[in-house]
Structure formats: C-alpha cells, structure tokens
J.: 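This is the structure, below, for whatever I ask next.
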Amino acid sequence: MSGTSRIIFHIDVNSAFLSWSALEQLKKDPTSVDLRTIPSAVGGDVEQRRGVITAKSIPAKKFGVTTGEPVVKALRKCPELVLVRSDFAAYRRYSRAFIALLREYSDQLQQISIDEAWLDVTETAGDTGGALSLAHAIRRDIRTRLGFTVNIGISTNKLLAKMASDFTKPDRVHTLFPSEVPEKMWPLPVRKLYGCGGATAARLNQIGIRTIGEAAKADPAVLRSLLGEKGSLYILESANGRGSDRVEAEQREAKSYSNETTTPRDITAGNFARDAHPVADGLSDKVAERLRRDGYSASVITVSVKTDSFRRRSRQRHLSAPTNDPGQIRSVAWALLSELLLGTEESAGLFAGGNAIRLIGVGASALDRGEFRQISMTEAMRSIDEERAEEKKRAASAEKQKRLLAMQDLIRNKFGDNAVRKGAGGQSAEP
C-alpha cells in the first residue's frame with residue numbers, strides 16, 4: 001500500500017433485520033431463544049406463511065434459504081424455519097445507533113443503506129497494521145455496545161472494501177488490497193463482483209467468462225460488443241480492482257421522498273377501502289414527516305402500486321402550491337390510489353382487469369424550501385387590509401399546526417411510529 005493511498009472501511013451489519021428482530025425479542029423476553037442461533041427469517045405473513053423472505057439467519061442460510069424467495073419455498077427447504085414479522089421502527093433505531101457509533105471513529109462517513117456504510121479512516125489508521133487494529137476495535141465496540149455483529153472490509157477504495165466485507169461471515173474483518181486481488185478476488189464467480197447483476201453475469205457466462213479473473217483479462221472489444229461502452233468499462237475496471245476512493249460524507253440535495261410497503265395480504269376491490277386506506281395514510285404521514293424534517297415542501301404527489309403479476313403502475317398530481325402537510329398528502333394520495341385502482345369516467349382501474357395489489361407506495365417530488373410561492377389571482381385582488389387580516393389568521397393557524405406536527409414527530413422519534421394515532425374526528429391521540 002503506497003503512502004498516498006487512502007484506507008477505506010466497508011462496515012456491513014450481519015443479517016441486519018434478523019439480528020435486530022432477535023435483539024427486540026430478547027429485550028421483551030430474555031429467556032427466549034436467540035433467533036440468530038436457529039433457522040429463522042424475517043418477512044411475509046407470519047400467520048398465513050406467505051410473502052417473501054427479507055432476511056434470514058446464518059443457520060437458515062445453511063438450509064439454502066435465500067433473501068427474496070417466497071416463504072412457501074423457504075419452508076419446503078427448512079420446515080422448522082421460525083418466521084418473525086418486520087419491525088421497521090426498531091430497525092430505524094438500531095440503524096441510527098449504528099451510524100452514530102461509526103461517526104465516533106470518523107466523520108468521513110457515507111451511508112449506503114440502513115445497515116451498511118463506508119468509512120474513510122486514513123487519518124486515524126495510519127497504515128495497514130493500524131487499520132486492522134482499528135477495524136477490530138470498531139467490530140468489538142458494536143458487538144459490546146449495540147449487541148449485534150458486523151463484517152468490516154478494508155482496502156484502498158470503496159469497491160474492494162465492499163468486496164472484502166462480503167467474505168466469510170459473521171463478525172469478521174477482511175482485507176482486500178490491490179496486491180491481494182489476484183489471490184482473493186479473481187477466483188470468485190463473476191456474479192460476486194460488486195455491481196455485476198444476474199443478467200450481466202449470465203451474458204458473460206455465455207461467452208465463457210465465469211470468474212472475476214477471466215473478466216479482468218477479457219478482450220475489451222468483446223466486452224464492449226456484449227455489454228456496451230459503459231457496462232464493459234465498469235466490468236473491466238471493477239474486475240481489476242479499480243474504483244473510487246472518495247467517501248462522500250456530504251448529504252446530497254434530495255430530489256424526492258418516497259415510502260412503500262408490501263401489503264400483508266392481496267388487496268382487491270372487495271377489501272380496498274378497509275386494507276388500503278390505513279396503508280396509504282401511514283405512508284403519506286411518513287413522507288410528510290421526512291419533508292418537514294428536512295425543511296421541504298412538495299408540488300407533486302405520486303402513488304405507485306405493484307400488482308400480483310409484479311407489474312408497477314403509478315399516478316401523480318401537481319398541486320397548486322407546495323405542501324408538507326400530512327392531511328393534504330393523505331387526501332391526494334387516497335384520491336390518486338382510488339383513480340388508479342377503481343378507475344375514472346375516462347379509464348378503467350386496475351381492479352377491472354382482475355388485478356390484485358401487493359405493494360403500495362407514496363412519493364413527493366418537485367421540492368421547494370419555500371423560496372417560491374405562487375399567489376392566486378383572488379389573493380392578488382384583495383384589499384391590503386383584507387390581505388393582512390387573512391395573512392395573520394393563516395400565520396396563526398400554520399404556526400399552531402407546525403407546533404402540533406413537530407410535537408408528533410418528536411413523540412414518534414422517541415417512542416416509535418405507533419406512539420401517536422388518529423382519534424375520533426381525525427385528531428391525534430395518545431395510545
């Protein structure tokens with residue numbers, strides 16, 4: 001490793017959702033079995049045993065259980081598989097604690113997802129020996145203070161650090177420096193190359209490229225004819241261990257906010273109002289909360305669904321003025337969802353074609369921090385006195401609503417998403 005090389009860690013929580021569900025269960029009942037030590041999985045409808053696996057324990061992996069496969073198929077592989085429900089409120093808490101702990105070691109942190117991040121520790125680690133000592137210190141600290149385990153990959157760029165963290169699990173530290181690429185990375189199947197999807201790997205396999213090493217030495221012209229300019233360049237560069245060493249610690253400006261969830265059961269015309277309404281409301285509230293947290297309003301609201309045949313459909317509406325009010329977002333989202341599924345006078349809805357819905361999403365885009373607001377013609381023609389009176393009334397109401405929403409956000413962040421719910425008349429109530 002040269003003196004100018006950076007030292008990058010990739011830290012990845014081992015079976016994050018499963019581990020965090022296990023910790024929650026042990027908190028409630030310390031005498032219960034640790035889900036991480038038995039064949040277990042998160043996902044699907046626990047009672048009806050349907051849906052897909054979103055996380056599995058290492059013992060479950062030994063039975064061939066894979067993330068994303070149907071629960072029914074997983075149960076055929078492992079009839080003793082213990083299934084648990086997802087708990088996203090808990091997952092967010094653990095994720096925040098995980099990221100906060102990593103920031104104690106370096107502020108050069110780039111979070112990739114809820115359970116993984118890159119960390120630039122060049123200034124702290126110093127050299128390879130220091131990097132190994134630091135990685136083990138972080139690994140032990142997370143296990144001791146937070147109760148779960150991680151894998152840490154060490155290298156001089158983000159690609160190789162990510163590849164290293166995927167080596168033997170759990171609770172391990174691995175290095176993959178450029179000099180180690182031929183020995184540690186090239187023998188791996190090309191599908192294991194970070195960023196190489198299943199379709200790309202299959203095309204490479206068809207022309208005899210089965211390992212990362214074979215991809216690294218492939219004829220660029222052949223790869224170009226197969227994958228195009230960008231795709232072939234990425235495969236060649238990555239297979240040879242070349243990647244960015246820039247950990248982007250700065251938060252990028254958000255362009256949109258969205259939340260989606262798989263529904264517990266198929267939603268059809270018969271159970272639409274009962275089952276879809278609370279889901280759409282919950283997603284709308286979460287989008288509104290995130291907008292307010294970051295100081296944004298949105299002018300476009302979008303709803304999307306996925307049918308039982310895995311097709312996505314969406315519908316959106318442009319608002320007359322930007323908003324981050326949960327009530328308004330809920331109202332627009334429900335109207336759009338009804339149009340999309342039940343239809344309008346001009347077009348039939350998805351239910352008319354016999355479709356059932358398995359996923360609902362709500363999104364907000366065309367963001368605005370308040371720099372621009374369109375004034376209606378009616379407002380422009382009001383007298384000055386009337387306008388001032390209206391403005392005072394609106395400001396007082398908005399301030400009251402703002403304080404109420406801020407208080408709700410504070411309660412939810414501290415006590416969980418279910419700490420505040422709607423009471424009679426649509427008012428928020430404590431549980």
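Everything numeric here is computed off the predicted structure, so don't read it as measured data. Atoms considered below: every heavy atom in the structure, side chains included; atoms not considered: hydrogens, waters and symmetry mates.
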J.: Considering only heavy atoms from C-beta outward, does the side chain of Ile38 approach that of Pro59 to under 4.5 Å?
T.: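 Ile38 does not reach Pro59 side chain to side chain.
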J.: Return each pair, listed once, that meets salt bridge (Lys or Arg N to Asp or Glu O under 4.0 Å) where at least one residue sits in residues 64-81; pairs must be two or more places apart or across chains.
T.: Glu69-Lys77
J.: Run the side chain to side chain contact (heavy atoms under 4.5 Å, CB included) test against Ala333 and tell me which residues pass, sequence neighbours left out.
T.: Ser284, Val303, Val362
J.: What closest approach, in Å, do Met163 and Ile212 show between heavy atoms, and which atom pair accounts for it?
T.: CE-CD1, 3.9 Å
J.: Calculate, to the nearest 0.5 Å, the distance between atoms CG and CZ belonging to Leu233 and Arg224 respectively.
T.: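 Answer for the CG-CZ pair, Leu233 versus Arg224, is 9.5 Å.
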J.: Looking at Lys61, I'd like to know if its NZ atom is crowded, meaning that more than 12 non-hydrogen atoms belonging to other residues, nucleotides or ligands lie closer than 6.0 Å.
T.: no
J.: When rounded to the nearest 0.5 angstrom, what distance separates CD in Glu289 from CG in Asn324?
T.: 11.5 Å
J.: Checking Glu24 now: which residues fulfil side chain to side chain contact (heavy atoms under 4.5 Å, CB included) with it, not counting sequence neighbours?
T.: Lys27, Asp87, Ala90, Arg93, Tyr94
J.: Please tabulate, for the side chains in residues 334-342, all donor-acceptor contacts under 3.5 angstrom to protein atoms that are two or more places apart in sequence or on a different chain.
T.:
from, atom 1, to, atom 2, distance (Å)
Ser338, OG, Trp334, O, 2.9
Glu339, OE1, Arg315, NE, 2.8
Glu339, OE2, Arg317, NH2, 2.9

J.: Roughly how far, to the nearest 0.5 Å, is the NZ atom of Lys217 from the CG atom of Leu236?
T.: 13.0 Å
J.: State, with a plain yes or no, whether a side-chain heavy atom of Ser86 is found less than 4.5 Å away from one of Ser21.
T.: no
J.: Please name the pair of heavy atoms, one in Met185 and one in Leu160, separated by the smallest distance, quoted to 0.1 Å.
T.: SD-CD2, 3.8 Å
J.: So, taking the atom named CG in Asp107 and the one named CG in Leu102, what distance separates them when rounded to the nearest 0.5 Å?
T.: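 Nearest 0.5 Å value for the CG-CG distance: 12.5 Å.
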J.: What pairs with Arg274 under side chain to side chain contact (heavy atoms under 4.5 Å, CB included), at least two apart in sequence or on another chain?
T.: Asn271
J.: So, taking the atom named CG in Leu159 and the one named OG in Ser238, what distance separates them when rounded to the nearest 0.5 Å?
T.: 5.0 Å
J.: So Ser113 and Asp115, side-chain hydrogen bond (donor to acceptor under 3.5 Å, both in side chains) or not? Walk me through it.
T.: CA-CA 5 Å; Ser113 66; Asp115 62 344; 2.9 Å; yes
J.: What salt bridge (Lys or Arg N to Asp or Glu O under 4.0 Å) pairs are there with at least one residue in residues 29-40, not counting sequence neighbours?
T.: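 Qualifying pairs, neighbours excluded: Asp34-Arg36.
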J.: Name all pairs fulfilling the ring-ring contact (aromatic ring centres under 6.0 Å, His included) condition that reach into residues 142-167, sequence neighbours left out, sorted by first residue then second.
T.: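 For residues 142-167: Trp20-Phe148, Phe167-His174.
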J.: So among Arg6, Arg246, Lys158, Gln110, which one has a side-chain hydrogen bond (donor to acceptor under 3.5 Å, both in side chains) with Asp120?
T.: Arg6
J.: With a cut-off of 3.5 Å and sequence neighbours excluded, list every side-chain donor-acceptor pair involving residues 346-357.
T.:
from, atom 1, to, atom 2, distance (Å)
Glu346, OE1, Thr344, OG1, 3.3
Ser347, OG, Thr344, OG1, 3.3
Asn355, ND2, Leu350, O, 2.9

J.: With sequence neighbours excluded, tell me which residues meet side-chain hydrogen bond (donor to acceptor under 3.5 Å, both in side chains) with Glu214.
T.: none
J.: Looking at Ala298 and Ser365, what are the two nearest heavy atoms and their distance?
T.: CB-O, 3.4 Å
J.: Which side-chain N or O atoms in residues 198-208 pair as donor and acceptor under 3.5 Å with protein atoms at least two apart or in another chain?
T.:
from, atom 1, to, atom 2, distance (Å)
Arg203, NH2, Leu226, O, 2.6
Asn205, ND2, Ala201, O, 3.3
Asn205, ND2, Ile209, O, 2.9

J.: Taking all non-hydrogen atoms of both residues into account, name the closest pair between Lys192 and Leu188 and its distance.
T.: CB-CB, 4.2 Å
J.: Would you list the pairs meeting side-chain hydrogen bond (donor to acceptor under 3.5 Å, both in side chains) in which at least one residue belongs to residues 133-153, sequence neighbours left out?
T.: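 Counting only pairs at least two positions apart or across chains, the side-chain hydrogen bond (donor to acceptor under 3.5 Å, both in side chains) contacts touching residues 133-153 are Asn14-Thr149, Asn14-Asn151, Glu104-Arg145, Tyr105-Asp141, His136-Arg139, Arg139-Asp171, Asp141-Arg145, Arg143-Asp171.
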J.: To the nearest 0.5 Å, how far apart are CZ in Arg330 and CD1 in Ile301?
T.: 12.5 Å
J.: Checking Ala135 now: which residues fulfil side chain to side chain contact (heavy atoms under 4.5 Å, CB included) with it, not counting sequence neighbours?
T.: Phe9, Ile152, Ile154, Val173
